[in-house]
Every structure is written in C-alpha cells, then in structure tokens.
Amino acid sequence: PTECFLSQPEEKQESTVKAKRRKKKKISDVLLKSAPKPGVPADLQNLLTQHFGENRSVIEIEELQLSDSCFLPANDLTHSFSSYLKEICPKWAKLRRSHKEKKSVVMLVLCSSALRSLELIKSMTAFKGDCRVLKLFAKHIKIKEHMNMLEKGVFHIGVGTPGRVKALVEQ
C-alpha cells in the first residue's frame, strides 16, 4: 500500500496590521446623514409616467396628468400629524357633523403598512375629536367584517393600506 501525504501549506507570517472590514451601510445611517425632504407633486407625476408610459397612448398619458390644485401642501416637518391635518382641513368639525352617509368616509389616509396606520391613528387624537376612525388593514380583520362595519355605521376617517382599500373598493 502506498502512503498518502497531504502537503501542508507554508505558514504565512502574520502581519501586524489587520485589514479593516468594510462596514455595511444601513438605511438608517444614510437617513441620519441626509435631511428628510417633503414630496412634491412632480414626484408622483414622474412615477405615473414611468409606470404607465410604456403601455399607454399619448392621450391616455395626458389624462393621467394631475393639476397642482389636486395636491395639498406638503408638511414642512415642523408640524405633528394632528396639527398638519388641522392646517389643511380647518373646517373639519363642520364636515364631521354633516357626514351621515354609510359605506363612505370623509377622509381616507393610505399608509405603507399596518403598523404605520396604527401610529397615525394614535398621533391624530387631537385632530379627530369625537369622530369614528375605521382601521382598514389586514391584520386581524377580514374583508367581510370591514364591509359589514361600513354598512352598519357611519365612519369619518379611514386609515389603511392600499391593498385592503383596493380590495374593499373592488368588493
């Protein structure tokens, strides 16, 4: 039988200076360095053009253009959410009292996630007063339950995610 010898690699001399590992950038680090800026209507117009530009004709793209009067002024980040709502909707108490329709809300707020929706509902307590708020997201409430709630009661503010609102509109 032949013997098998494994060749040992030559030991390298350890250098006294270790190589620095590159730290991965996190989104929170990037956001800390840059100041947040509010969105402008042109941002939404650009997104619509990018998304629908390839599939639509020129006439259809012109119909997607929204005038600047369709947009509210952006929060300059000096307001809380409640004070911002008071600024953009000064006659809220009158609107709230006159709303008697079922299956509709006076104000619809769309959020990126259910957690963000909950945060906004908590932060708008000073604004909403005694109005009823409907949580429109898919955490623990089924679509049928949302539909029943809308049919039976009058709600003033709806806060939810785009997916749940789309499903409710389709139903």
Side-chain angles (χ1 to χ4, degrees), residues 27-28 31 34-57 59-171:
I27 188 71
S28 56
L31 291 175
S34 64
K37 61 177 186 168
V40 294
D43 294 339
L44 180 63
Q45 296 292 9
N46 292 337
L47 285 173
L48 287 172
T49 305
Q50 288 174 359
H51 184 73
F52 293 114
E54 300 169 2
N55 304 335
R56 308 278 188 224
S57 68
I59 296 171
E60 291 173 324
I61 291 175
E62 285 179 9
E63 290 176 355
L64 288 174
Q65 296 296 320
L66 300 171
S67 66
D68 287 343
S69 64
C70 295
F71 297 92
L72 295 171
N75 186 353
D76 58 0
L77 305 176
T78 59
H79 295 287
S80 67
F81 188 58
S82 284
S83 65
Y84 176 68
L85 288 174
K86 284 179 184 177
E87 181 180 311
I88 63 171
C89 192
K91 297 180 182 178
W92 173 249
K94 183 178 177 181
L95 286 171
R96 181 185 69 220
R97 275 186 250 113
S98 64
H99 180 69
K100 304 285 185 217
E101 296 177 36
K102 295 181 180 179
K103 297 185 183 180
S104 68
V105 293
V106 178
M107 182 183 299
L108 180 64
V109 180
L110 295 178
C111 300
S112 59
S113 68
L115 293 174
R116 180 67 178 142
S117 298
L118 289 171
E119 288 176 17
L120 284 181
I121 290 169
K122 289 176 186 174
S123 68
M124 69 169 47
T125 53
F127 170 75
K128 67 181 181 179
D130 62 345
C131 72
R132 294 186 65 193
V133 177
L134 182 62
K135 299 172 187 173
L136 300 171
F137 47 83
K139 275 290 186 193
H140 303 291
I141 304 172
K142 306 288 184 228
I143 292 178
K144 295 283 187 194
E145 292 175 35
H146 276 139
M147 290 173 52
N148 290 338
M149 289 166 51
L150 281 168
E151 288 173 359
K152 292 180 182 176
V154 176
F155 291 92
H156 303 98
I157 301 175
V159 181
T161 57
R164 179 48 61 103
V165 172
K166 179 184 175 193
L168 284 169
V169 168
E170 289 173 351
Q171 298 263 333

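It should be emphasised that the depicted structure is a prediction, and the values quoted were computed from it without experimental measurement.
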Spacing of [atom1] belonging to [X] relative to [atom2] belonging to [Y], to within rounding of 0.5 Å:
X      : Y      : atom1 : atom2 : value
Leu134 : Leu168 : CG    : CG    : 8.0 Å
Met149 : Leu136 : CE    : CG    : 8.0 Å
His146 : Ile141 : NE2   : CD1   : 4.0 Å
Arg97  : Asp130 : CZ    : CG    : 9.0 Å
Lys135 : Ile121 : NZ    : CD1   : 5.5 Å
Leu44  : Thr49  : CG    : OG1   : 9.0 Å

Glu60, CD atom: more than 12 neighbouring heavy atoms under 6.0 Å: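 Yes - once you tally the heavy atoms of other residues, nucleotides and ligands closer than 6.0 Å, there are more than 12.
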Within 6.0 angstrom of Ile59 CD1, more than 12 heavy atoms from elsewhere: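 Result for CD1/Ile59: open.
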Working for side-chain contact (heavy atoms from CB on, under 4.5 Å), residues Trp92 and Cys131: CA-CA 10 Å; Trp92 173 249; Cys131 72; 4.0 Å; yes
Considering only heavy atoms from C-beta outward, does the side chain of [X] approach that of [Y] to under 4.5 Å?
X      : Y      : value
Met107 : Leu95  : no
Leu64  : Phe52  : yes
Lys102 : Glu151 : no

Qualifying side chain to side chain donor-acceptor pair (under 3.5 Å) pairs with a residue from residues 104-124, counting only residues at least two apart or across chains: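 Qualifying pairs, neighbours excluded: Arg116-Glu119.
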Side chain His99, main chain Phe155, donor-acceptor under 3.5 Å: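 Looks like yes, one N/O pair under 3.5 Å.
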Side-chain donor/acceptor of Gln45 to backbone N/O of Gln65, under 3.5 Å: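 Absent.
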Shortest non-hydrogen separation from [X] to [Y] and the atoms involved:
X      : Y      : value
Arg164 : Ala138 : NH2-CB, 2.8 Å
Val105 : Ile157 : CG1-C, 4.2 Å
Arg56  : Ile61  : CB-CG1, 3.8 Å

